[in-house]
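One structure follows; several queries about it will come next.
First listed ligand is number 1; within each ligand, the first listed atom is number 1. We number each residue from 1, following the sequence as shown.
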Amino acid sequence: MQIISGAAVAEKVLEECRREIAELAALGRKPGLAVVLIGDDPASRAYVRSKDKKCRDLGLHSVKLELPVTTTQDELLAHVHALNNDPAIHGILVQSPPPKHIDEAAIVRAIDPAKDVDGFHPVNVAKLALEDSTGFVPCTPLGCQRLLIDAGIETSGAHAVVVGRSMIVGKPMALLLMAKGKGGDATVTVTHSRTKNLAAITRTADIIIAAIGRPHFIKAEHVKEGAVVIDVGINRVDDPTTEKGYKLVGDVAFDEVAPKCRAITPVPGGVGPMTIAMLMANTIKACKQAS
Ligand code: GUN
């Protein structure tokens, strides 16, 4: 059984990023990313802080906008428009989920698709479906695909079962796996909270992508012997024995599932580090594509 180290593959991606950043610097260009956070959700704050830190580590231009929870839709739109028009900014990410009074879909549509490094804008969703490589693919599924490729997992002809249908992970993951070419060409089944006989379906999978957002949801009974399991979950569960009072666990019951697997990603240290690495890669791509 192989444990796929997201941390190691992410470091490889970041090394490629450093090389591209140096090449751009030689041309007098510097990729810039703006990360916008509305409100003070602790998990979102932690994500935003680590994205900003990674940008600075790499020498990217990073702008972090931390807006109060009382920020109105119009105020947020004004920030997005300003970032759209800022030539030093090539990527814009508005941390999801925003507070309830914000219309997230309208915010996503307001972002210039050429700066939508999250890949959430309808233009980029369409480009993914059309297999147009100029588009931006959401960072988490892109990172999962890169993990499969780097771990030498053959996706061509494999039955991949995606558990979860979110716009951030499940749906784009399915499109990536069914696209033509490396890391694609799979036969894809998408399952979700209304799926009947889920375990019977996941047991037919050569590759399972678990993106349901429920701690330890995928158990040994869901997995066939020799399957590859990619765990996208990052769930906070109470744990009074830790300093913070919680720990992070995946969507997969790792201890019982891992012994059945050919390969599996751990949590933490699996998909998590890949998401940020792919965000950096998308920001560099946006800079290169900017005229
Ligand atoms: N919240 C959880 N994952 C993501 C992500 O990839 N992008 C944004 N903007 N928000 C998120």
Hey, are K182 and Q145 close enough side-chain-wise for a donor-acceptor pair under 3.5 Å?
no
Taking atom CZ of R236 as the centre, does the number of heavy atoms from other residues, nucleotides or ligands within less than 6.0 Å exceed 12?
yes
Could an N or O of ligand 1 be found under 3.5 Å from any N or O of T275, whether backbone or side chain?
no
Flag if over 12 foreign heavy atoms under 6.0 Å of NZ, K219
yes
Nearest non-hydrogen protein atom, atom 11 (C) of ligand 1
Q95 NE2, 3.4 Å
With sequence neighbours left out, the residues meeting salt bridge (charged side-chain N to carboxylate O under 4.0 Å, His left out) with R146 are E16, D150
Is the shortest N/O to N/O distance between Y47 and ligand 1 below 3.5 Å?
no
Structural part of L279 in contact with ligand 1, heavy atom criterion under 4.0 angstrom:
neither
So which heavy atom in the protein is nearest atom 1 (N) of ligand 1, and how far is it from that ligand atom?
S96 O, 2.9 Å
Any sub-3.5 Å donor-acceptor pair from Q2's side-chain atoms to I4's backbone N or O?
no
Output the list of atoms in ligand 1 that are nearer than 4.0 Å to some heavy atom of L93, sorted by atom number.
9 (N)
Does T140 reach ligand 1 with a nitrogen or oxygen that is under 3.5 Å from one of the ligand's nitrogen or oxygen atoms?
no
Neighbour count >12 (heavy atoms, 6.0 Å) for atom CZ, R18:
yes
With a cut-off of 4.0 Å, which atoms of ligand 1 are near a heavy atom of D118?
5 (C), 6 (O), 7 (N), 8 (C), 9 (N)
Counting each atom of ligand 1 from 1 as listed, which ones have a heavy atom of F120 under 4.0 Å away?
7 (N), 8 (C), 9 (N)
Polar-atom distance check: I168 versus ligand 1, any N or O pair below 3.5 Å?
no
Give a yes or no on this: more than 12 heavy atoms of other residues, nucleotides or ligands lie within 6.0 Å of atom NZ of K247.
no
